[in-house]
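Below: the structure, in structure tokens.
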Amino acid sequence: MSRILKVGTRGSTLATTQAGHVRDALIAAGYQAELVIVQTKGDVVMAPVERIGVGVFTLELRAALERGDCDIAVHSYKDLPTARDERFAPIAVPPRVDPSDVLIARDGLTMATLPEGARVGTSAPRRRSQLAALRPDLDLHPLRGNIDTRMGYVTSGDLDAVVLAAAGLDRTRVGERATHRFGIDEMLPAPAQGALAVEARADDPDAIAALVVVDHLPTRVRIAAERRLLADLEAGCTAPVGARAELSGIGPADSAFAGTDPATDRVAADAELTLHAVVAAHDGSTVLRTHGTTVPAEHPDGPLAAAEELGRTLAAELLDRGARDLMSDESPEQRDPLVPRESTTAPPTVRDS
């Protein structure tokens, strides 16, 4: 194919790094590809995401894809709505990196060693509720900004620690800054955290065919379980809901994958899929946890159907235990987020050479 595939992405360092991995995988497979930067409201407005609206990072990128400004769009999968958008082909999912949340604290402090009343920055209701359950004494501060800005609040002394996604740190090669990686029993990540969603228009067969080289079935199975749980809970990406699915025999991918390895793009006959889920009150006073396991290859309709069935089962259990009431409770009013020290103006739309 002589056509150059335009890979659309937000302009942040993390977003362009993620999209760059997809572009490089396409090039390695023999396609011509380049990045196209798309400005979104989420890159400019520094209010908490729950204030400026769900989809703030994806709506404009999808609009650019529909207009033809790009041929492929790369999203952080956790930011996408759970409902299928018929304008676009089924999503391709590259190998997932570590979905954990991490603490970045001064002086190498961990959750166990943070002093009483330590100032910790995070805006996500999911993280805030689980932090409040773990350490009710912490002084939680909302914040926005890119990875460097958030870590900068710790080095400047404005905060004692911040909580970030391991995936962003690992993909930008600063994972060593983490002083604590949260375990499954401490904090569950957002459904689909650490995974990318790669889309093409439904009427673009060339782009759809190209995405085969980045799609990874074991990752899709894990994400299917987590997002089915989220959908059946009727919760959005800002709800205090966490989920993490693990497939035996599959570890986190290298952060700079170079396409899908056919030898690992399968679900073993005896592989077990385990889904962990949590719904918590905003103040951390009530935490509902559950988990379940299935063998995807044994399902008559295949591994993806098994994953979705597991997600439905755990969602139904959580709803029976009162999850809807916890999610419907209003989040306590947050103080204004810390203001980034750098310009928040997003870069213009450009193409790389």
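- For R222 and E226, the salt-bridge test fails: no basic side-chain N is under 4.0 Å from an acidic carboxylate O.
- Residues meeting the side-chain contact (heavy atoms from CB on, under 4.5 Å) test with A19, sequence neighbours left out: V7, T9, L35, V74.
- With sequence neighbours left out, T274 forms a side chain to side chain donor-acceptor pair (under 3.5 Å) with T293.
- F88 pairs by the ring-ring contact (aromatic ring centres under 6.0 Å, His included) definition with nothing, not counting sequence neighbours.
- In this structure H276 satisfies the side chain to side chain donor-acceptor pair (under 3.5 Å) test with no other residue, sequence neighbours excluded.
- In the hydrophobic clustering of this structure, L275 groups with L318; members are Ile, Leu, Val, Met, Phe, Trp, Tyr whose side-chain heavy atoms approach within less than 4.5 Å, directly or through other members.
- Evaluation of the side-chain contact (heavy atoms from CB on, under 4.5 Å) rule for A105 yields L103, L109, L114, A161, T179 as partners, not counting sequence neighbours.
- Side chains of H75 and Q18: a donor-acceptor N/O pair is absent below 3.5 angstrom, by distance only.
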Could you walk me through whether K6 and E34 pass salt bridge (charged side-chain N to carboxylate O under 4.0 Å, His left out), step by step?
CA-CA 5 Å; K6 297 173 290 182; E34 64 182 13; over 6 Å; no
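- Residues in residues 104-117 take part in these salt bridge (charged side-chain N to carboxylate O under 4.0 Å, His left out) pairs, two or more places apart or across chains: R106-D160.
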For residues 295-311, run the donor-acceptor check on the side chains, cut-off 3.5 Å, and write out each pair with its distance to 0.1 Å, sequence neighbours left out.
from : atom 1 : to   : atom 2 : distance (Å)
H299 : ND1    : D301 : N      : 3.0
H299 : NE2    : E309 : OE1    : 3.1
E308 : OE1    : R228 : NE     : 3.4

Going through the distances and angles, do R173 and T17 end up as a side chain to side chain donor-acceptor pair (under 3.5 Å)?
CA-CA 10 Å; R173 304 298 188 185; T17 299; over 6 Å; no
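- Pairs passing the ring-ring contact (aromatic ring centres under 6.0 Å, His included) check and including a residue from residues 92-118, sequence neighbours excluded, do not occur.
- At a cut-off of 3.5 Å, with distance as the only test, no side-chain donor of T122 or R150 sits close to an acceptor on the other residue.
- E272 meets the side chain to side chain donor-acceptor pair (under 3.5 Å) test with no other residue; sequence neighbours excluded.
- Under the 4.5 Å side-chain contact rule for hydrophobic residues, L5 and I27 do not share a cluster.
- Between R181 and D101, none of the side-chain N atoms (NZ, or NE/NH1/NH2) sits under 4.0 Å from a carboxylate O, so this pair counts as no salt bridge.
- Checked against side-chain contact (heavy atoms from CB on, under 4.5 Å), A316 has no partners two or more places apart in sequence or in another chain.
- As a member of the Ile/Leu/Val/Met/Phe/Trp/Tyr network built from side-chain separations under 4.5 Å, V287 groups with I184, L188, V278.
- Scored by the side chain to side chain donor-acceptor pair (under 3.5 Å) test, R67 finds D69 as partners (sequence neighbours excluded).
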